[in-house]
Amino acid sequence: MMYERVSSALGQRPPKISHEEMRQRQRDFCSKIDSQSVAIITNNPVSIRSRDTHHRHRFNSYLHYLTGWHGEEGVAVFHHDGDWKCRLYVQARDVEKETWTGRRPGVQGAIDHWPVDESKSRDEMEADLANILTAADSVYHIQGLDTVVDGIVAAAFDEFLDPREILDEMRVFKSTGEIALMQYAADLAALAHIEAMRECRSGMGEWQLQSIIEGCFLYHQSEWAYPSIVGSGDNATILHYNENKDPTRNGDVVLIDAGCEIDGYASDITRSFPVNGKFTEAQREIYALVLDAQMAGIEACQVGAPWGAMHKATSRVLAQGLVDLGILDCTVEEALGEEFNGPYRQFFMHGTGHLLGLDVHDVGGGRQGDNRPERTLASGMVLTVEPGLYFGAWREDIEIDPKWAGIGIRIEDDVLITEEGPVILTAKCPKQISEIEALVGSN
Ligand code: GLY
Ligand code: MN
Ligand code: MN
């Protein structure tokens, strides 16, 4: 069975981040804030899907990073009481409510099983937190997630400091434990993409390819890190297309951008392949160009490289190719234009990559292509390299030669920066033309 094949190739799931590591994160965070301050880290709100049905809750990445808490409504408060204490407010045990919505660890469970110093019920939070804030000089708080906490904080302070300025910088550099989880997330997504390629036939629904990928995630106690994009033909030229509602057609390329989460850590992979297993000549030319650009981008992922180097490396290859193929009738420098915003951007509209971690578009970076001269690549960062070229036949704003119309190609890998050079975490997912053509429809 397909899922078992993935399981046997996948190996052992790595352990969650240890309590010891989370304690160290707490110490690092507290060492950067004033002892007269209080820092409050709230959870993501529950959001309604339809009337009384909720979307599946996803923990807030900052709260998870510091405490590992994954239930709803948790609030971490760092306050100085002789030394720094991490207090977690949680929903109290309530058998009647738990009968409907699931078991809660409660106050005792939180203190027994989470790396915190103190735990209290949310029922006590209002008075309790107000007291803590009265004694403080300043507060770190992210507004807009937990309206109850927003109210308590607003009653005590007119202004807040932003804890993200400290936490984002910490989250940029991945530890050995985090890299192991990200490697596993990358492996699972790579193997899921391989299964979709193997099973693909012309005429298959985009949603059916999606179900193969997401079924592999679910079977391995994982879920998507972002809604899967499965676009065939012209749909592949819409960057965030995720309706996945059309049947594929013989002769189309399908673009699948899908990644999963393992204990909150994301993978993010894109592959583009012919649904009938054979690229047309035009598709092959565009694919080969994007692949060359992607390899140049990965090669540029070196310790000490300026943030924009990878985007510039991929852009240069793409611009050269667009000129060579006669798609742009100008010089390469003209195609690149001022600040890399020239006419080649008609066909490559997004950044070449982003940092990856607890959030798929992780904190601390911004998109490659953004102008962030202060950031250089350093060991322990993980970022995606994802150039693409898109020739939407539906585009009214530009003229597309019918030869290229309806082709959308993106190739995306996740890359760990190391002193020894870039390590492709998603290397298990084939991307050479011959490998892809051999794989598609092979099951
Ligand atoms: N999957 C979203 C992205 O590649 O950035
Ligand atoms: Mn992606
Ligand atoms: Mn990406």
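Note that this is a predicted model, so its numbers are computed, not measured. Counting convention: from 1, in listed order, for ligands and their atoms alike.
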Is the ring centre of Trp69 less than 6.0 Å from the ring centre of His113?
no
Verify whether the ring centers belonging to His64 and Phe59 lie closer than 6.0 Å.
yes
List every atom of ligand 1 that sits less than 4.0 Å from any heavy atom of Glu412, numbering the atoms from 1 in the order shown and giving each element.
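Those qualifying, in numeric order: 4 (O).
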Counting from 1 in the order shown, the ligand 1 atoms closer than 4.0 Å to a non-hydrogen atom of Asp257 are 1 (N), 2 (C), 3 (C), 4 (O)
For [Y], is the NZ or CZ atom of [X] found under 6.0 angstrom from the centre of its six-membered ring and inside 45 degrees of the ring axis?
X      : Y      : answer
Arg345 : Phe348 : yes
Arg87  : Phe78  : no
Arg171 : Tyr62  : yes

Please say whether His240 places an N or O atom under 3.5 Å from an N or O atom belonging to ligand 1.
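N/O-N/O distance under 3.5 Å: no.
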Flag the pair Ser7 / His220 as yes when at least one side-chain heavy-atom distance between them is below 4.5 Å, and no otherwise.
yes
Test of understanding: given a 4.0 Å heavy-atom threshold, classify the contact between Asp268 and ligand 1 as side chain, backbone, both, or neither.
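Answer for Asp268: side chain.
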Can you tell me, to 10 degrees, how wide the angle at the Mn ion (ligand 2) is between OD1 on Asp268 and OE1 on Glu412?
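Taking the Mn ion (ligand 2) as the apex, I get 90° for this pair.
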Any N/O/S atom of His354 sitting less than 2.8 Å from the Mn ion (ligand 3), backbone or side chain?
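It does; at least one qualifying atom falls short of 2.8 Å.
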Suppose we only allow N, O or S atoms; which atom of Glu386 ends up nearest to the Mn ion (ligand 3)?
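So the atom name we want here is OE2.
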Return the option from His361, His350, Glu386, Arg410 holding the heavy atom at the smallest distance from atom 4 (O) of ligand 1.
Glu386
